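What follows is a set of notes on a single structure, which appears directly below.
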Amino acid sequence: MGYPQTRLTAELADLQSLEEADTKQESEKAEAKGATAAQAVALTDLTAWVSRFSGIVVPALKDRPDLLAKMGLKPRGGKR
């Protein structure tokens, strides 16, 4: 008996839609991986910046613990 032409055409269209969706998903996965890598680099850069900032600000504001507290920093303890 076989498949009618209309059914073959409809199933071919479904298959093409599935292939397009798969291609789009793979592209979006690659974009997400790239974004994740960029976020990791940005976080590393931010962490380094905060470390440098703290190293400068904490000694500079040692007499202003109120300002350090507003920034979430603590004065370094101990006298030399």
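Everything quoted here is computed from the prediction, not taken from an experiment.
Residues forming a salt bridge (charged side-chain N to carboxylate O under 4.0 Å, His left out) with Arg7 (at least two apart in sequence, or on another chain): Glu11. In this structure, Glu20 has no side-chain contact (heavy atoms from CB on, under 4.5 Å) partners at least two apart in sequence or on a different chain. Every residue meeting the salt bridge (charged side-chain N to carboxylate O under 4.0 Å, His left out) condition with Lys29, not counting sequence neighbours, appears here in chain and number order: Glu26.
Hydrophobic cluster of Leu68: the remaining members, joined at side-chain heavy-atom separations below 4.5 Å, are Leu46, Trp49, Val50, Phe53, Val57, Val58, Leu61, Leu67, Met71, Leu73, listed by chain and number. Leu43 shares a hydrophobic cluster with no other residue; no ILVMFWY side chain has heavy atoms under 4.5 Å from its own.
Residue pairs meeting the salt bridge (Lys or Arg N to Asp or Glu O under 4.0 Å) criterion with at least one partner in residues 50-64, sequence neighbours excluded, are Arg64-Asp66.
A donor-acceptor pair is defined here as one N or O able to donate and one able to accept, closer than 3.5 Å; no such pair exists between the side chain of Ser51 and the backbone of Thr47. Looking only at distances, no side-chain donor or acceptor of Ser27 sits under 3.5 Å from a matching main-chain atom of Thr23.
Nearest heavy-atom pair across Arg76 and Pro59 is NH1-CG, 3.6 Å.
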